[in-house]
Amino acid sequence: EQLFSLLGKNGVQLHDYANGQDRTPVSPAGWRAPPKSVGNGYTFPQDLQGREEIREGIVQLSSQVAARLRKCGMKCQGVSLAIRDPNFQNVSRQTRLDTPTSLTREVTRAAMDLADSFWNMSSPVRAITVTAIYLVPASEVGAQMDLFFPERELKRQRLERLEDKLDAMSEQLDVQMKCLKIAMNIMKGKKVPPEDERYLMENDPNGYKLAMSMKFMVKEDKKECKSVLDDEDKNGSSETGEAEAASGGEGAASSGGEAVE
C-alpha cells in the first residue's frame with residue numbers, strides 16, 4: 001500500500017517483481033514480439049514542391065517500408081500516410097487494403113491514393129511518413145485466386161519472389177560496403193570500434209586479414225573512429241531486428257535530413 005501511494009501502479013509492479021510474482025509468460029532467449037506496424041518517416045532538407053517530387057518521396061519511403069515488412073516476414077492490411085507542411089502542421093489518413101501485401105508497388109499505390117485524396121499538390125511538403133498497419137504474418141496469408149483473372153495472383157507471386165531476390169542482393173551489397181569501409185579504416189591506421197572489427201571478421205575473414213596486414217605499414221591513430229554499423233548490425237550482425245513503429249521509423253533515403261519523430 002505504501003508503494004502504491006508513492007508510485008501508483010508502478011509501485012505495485014515493483015512489489016510483485018521483488019517477491020517473484022511476475023506473471024509475464026516466459027519467452028525463449030532472443031524472442032521478440034512481432035511488430036504492430038512498420039513505418040518510415042523523413043524530414044526533407046528542402047520542401048517538396050509539386051506532385052512529382054511528393055511522389056518520389058513517397059516511393060522511397062514505401063520501398064523501405066515494404067522491404068522491412070518482408071524482412072520481418074509480415075504483410076500489411078492497411079497503409080497510413082502523414083504529411084507535414086513547412087509550419088509543422090501534420091495531416092494524416094489511412095486506408096484498408098483489399099489484399100494483405102508486402103509489395104513496394106502496392107504500398108506506394110495506396111500511399112499515393114491517400115496523398116491525392118487529402119493533400120493539395122501545389123502546397124509544399126516538409127516531411128512524409130508512410131506506415132504499414134494491421135500487420136499479419138506472411139505465412140498466414142493464403143493466396144486468393146481470382147476466378148475471372150487468375151493471372152493477377154500469379155503475377156503478384158512472381159513480383160514477391162522478385163522483390164525477395166532484390167532484398168537479398170541489396171543486403172549482400174550493404175554488408176560488402178560496410179566491410180569495405182571498415183577495412184579501409186583499418187588500413188589507414190584508424191582505431192575502429194570493437195564491433196566494427198568483429199563484423200569484418202565474421203563477414204569477410206580474408207578482407208580482415210588483408211586489412212590487419214596493411215595496418216602495420218602506417219602510423220596508428222589513437223582516437224577511435226566512428227562506427228560504420230547501425231544498431232541492428234551491432235545487436236546481432238545481419239539478423240532481423242524488430243521493425244520500428246511509425247512514430248519515427250528510420251530515416252528515409254535520398255539526400256540529407258532527419259528522421260521524423
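Side-chain heavy-atom separations under 4.5 angstrom define the hydrophobic clusters, and Phe88 shares its cluster with no other residue.
The closest side-chain heavy-atom distance from Asp204 to Tyr199 is not below 4.5 Å. Counting heavy atoms from C-beta outward, Leu69 and Cys76 have side chains that approach closer than 4.5 Å.
Hydrophobic clustering (ILVMFWY, side-chain heavy atoms < 4.5 Å, transitive): Leu81 and Tyr134 are in distinct clusters.
Not a single donor-acceptor pair under 3.5 Å links the side chain of Ser63 to the backbone N or O of Val59. Looking only at distances, no side-chain donor or acceptor of Glu163 sits under 3.5 Å from a matching main-chain atom of Leu159. Counting only distance, with no hydrogens or angles, the side chain of Arg93 and the backbone of Ala111 share no donor-acceptor pair below 3.5 Å. One N or O on the side chain of Ser117 and one on the backbone of Leu114 form a donor-acceptor pair closer than 3.5 Å.
Here the rule is salt bridge (charged side-chain N to carboxylate O under 4.0 Å, His left out) with Glu160, and of Arg70, Lys75, Arg105, Lys165 only Lys75 fits it. Paired with Lys178 under the rule side chain to side chain contact (heavy atoms under 4.5 Å, CB included), one option of Leu229, Leu173, Leu200, Asp196 passes, and it is Leu229.
Side-chain atoms of Thr101 and Glu106 form a donor-acceptor pair, as typed in the model, at a separation below 3.5 Å. Glu202 and Tyr208 are not linked by any side-chain donor-acceptor pair at a separation below 3.5 angstrom, with hydrogens and angles left out of the test.
Here the straight-line distance linking atom CD of Glu224 with atom CG of Asn185 works out to 11.0 Å at 0.5 Å rounding.
Minimum interatomic distance between Pro35 and Cys72 (heavy atoms only, all atoms of both residues): CG-SG, 4.0 Å. Across all non-hydrogen atoms, the minimal contact from Val192 to Ile182 is CG1-O, 4.2 Å.
For the side chain to side chain donor-acceptor pair (under 3.5 Å) test, residues two or more places apart in sequence or in another chain that qualify with Arg126 are Asp47.
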